[in-house]
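Working notes, beginning with the structure itself.
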Amino acid sequence: DAAASQKRWTLGDFDIGKPLGRGKFGHVYLAREKRSNHIVALKVLFKSQLQQSQVEHQLRREVEIQSHLRHPNILRLYGYFYDQKRVYLILEYAARGELYKELQRCKFFSERRAATYVASLARALIYCHGKHVIHRDIKPENLLTGAQGELKIADFGWSVHTFNRRRTMCGTLDYLPPEMVENVEHDASVDIWSLGILCYEFLYGVPPFEANRHSDTYKRIVQVDLNFPPKPIVSGSAKDLISQMLVKESPQRLPLHKLLEHPWIVQNADPSG
Ligand SMILES: O=C(O)Cn1ncc2ncnc(NCCc3cnc(NC(=O)Nc4cccc(Cl)c4)s3)c21
């Protein structure tokens, strides 16, 4: 609630539980806020490492952006606090944990499960883009699942606000179409590409442009060297959707609201998400 996001939290406000995971910058613990008994996830980041990697500004931006986002498919960041050595993020607890572990366990998802996740992600991204926020780091590692199996986008560490850069193209703006002046659609389409990659990986268990060497992956991406293996068997409708998202020309990628009307989503996604 509003009070919670303003309160000055300290470690003493929480009972710390089991470790949930360990990331590059620190560990995540299950925790309970003592007064409310509210269960949260507490991410502990070491200031030394944040300084070393010069990501403090990114973390500040994440906290700022996340404090304005409220969506069922976006993991809440309730607040933060710090002490001498560490910064603590107070996060919504996603009871079923990391989606990529589930993908590794199942190898790949059914079309219904994949479409349900893709539709939830599209709705969350439509919400973010409506607030001129792009995530820019949509991948299985940043997706968590709640107690009912619902998908939660986490870790806005790479998200940005897309301010409307006033283009000074040859001095006048008068002749630019709305989407160019807005400059949101153009930027926001990076998340559409990533969602297309994710949809492919949900269905095949590997991302489409995977290669042994970085340089080969880079080449396959810029050439959009997209092909669909014969196994597992995937419907033509799914391939059609993926092909409309993995388009090099960003303004030509299928807009997210059109994705929600695509036959593959309409016929396979569980409306409750
Ligand atoms: O995922 C797991 O390991 C385990 N797990 N299991 C359940 C569960 N429930 C909630 N959260 C979990 N994990 C934390 C997810 C995050 C959300 N937001 C983040 N933000 C961030 O790390 N920002 C950040 C860090 C360092 C530098 C910079 Cl610039 C930005 S991490 C959970």
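Whatever order the structure lists ligands and atoms in, that order sets their numbers, starting from 1. A quick note: this is a predicted structure, and the numbers were derived from the prediction, not measured.
Assignment of Glu92 to the shell around ligand 1 is supported, since a heavy atom sits closer than 4.0 Å. Using a 4.0 Å heavy-atom cutoff, Leu50 is listed among the residues neighbouring ligand 1.
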Working for side-chain hydrogen bond (donor to acceptor under 3.5 Å, both in side chains), residues Ser237 and Gln267
CA-CA 10 Å; Ser237 178; Gln267 284 150 28; 5.1 Å; no
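With a 4.0 Å heavy-atom cut-off, ligand 1 is reached by the side chain of Val28 but not by its N, CA, C or O. Of the heavy atoms in Leu144, only side-chain atoms (C-beta onward) come closer than 4.0 Å to ligand 1. When heavy-atom distances to ligand 1 are checked against a 4.0 Å cut-off, Val55 comes that close through both its backbone and its side chain.
Here the options are Leu125, Ile192, Ile197, the test is side chain to side chain contact (heavy atoms under 4.5 Å, CB included), and the partner is Ile138; only Leu125 passes.
A salt bridge is defined here as a Lys NZ or Arg NE, NH1 or NH2 lying under 4.0 Å from an Asp or Glu carboxylate O, and Asp270 with Arg112 fails to meet this definition. Under 4.0 Å is where a charged nitrogen must lie from a carboxylate oxygen, and between Arg113 and Glu102 at least one such pair does. For Arg61 and Glu64, the salt-bridge test fails: no basic side-chain N is under 4.0 Å from an acidic carboxylate O.
Residues forming a salt bridge (charged side-chain N to carboxylate O under 4.0 Å, His left out) with Lys47 (at least two apart in sequence, or on another chain): none.
For ligand 1, the atoms sitting less than 4.0 Å from at least one non-hydrogen atom of Gln58 are 29 (Cl), numbered in the order shown with element in parentheses. Interface of Gly21 with ligand 1, defined as ligand atoms under 4.0 Å from a residue heavy atom, comprises 3 (O). Within ligand 1, the atoms closer than 4.0 Å to a non-hydrogen atom of Leu89 are 20 (N), 21 (C), 23 (N), numbered from 1 in the order shown. Near Leu75, with a cut-off below 4.0 Å to any heavy atom, the atoms of ligand 1 are 10 (C), 11 (N), 17 (C).
Across Gly146, Ala94, Gly26, heavy-atom proximity to atom 9 (N) of ligand 1 is greatest for Ala94.
Annotation: Ala41 places no N or O atom under 3.5 Å from an N or O atom of ligand 1; distance criterion only. Considering backbone and side-chain N/O atoms, Lys43 comes within less than 3.5 Å of an N/O atom of ligand 1. Between Glu62 and ligand 1, at least one pair of N/O atoms sits closer than 3.5 Å.
A 6.0 Å sphere centred on CZ of Arg86 holds more than 12 heavy atoms belonging to other residues, nucleotides or ligands.
Note on residues 228-244: no pairs pass salt bridge (charged side-chain N to carboxylate O under 4.0 Å, His left out), not counting sequence neighbours.
Scanning both residues, Phe81 and Thr10, for their nearest heavy atoms gives CE1-C, 3.7 Å.
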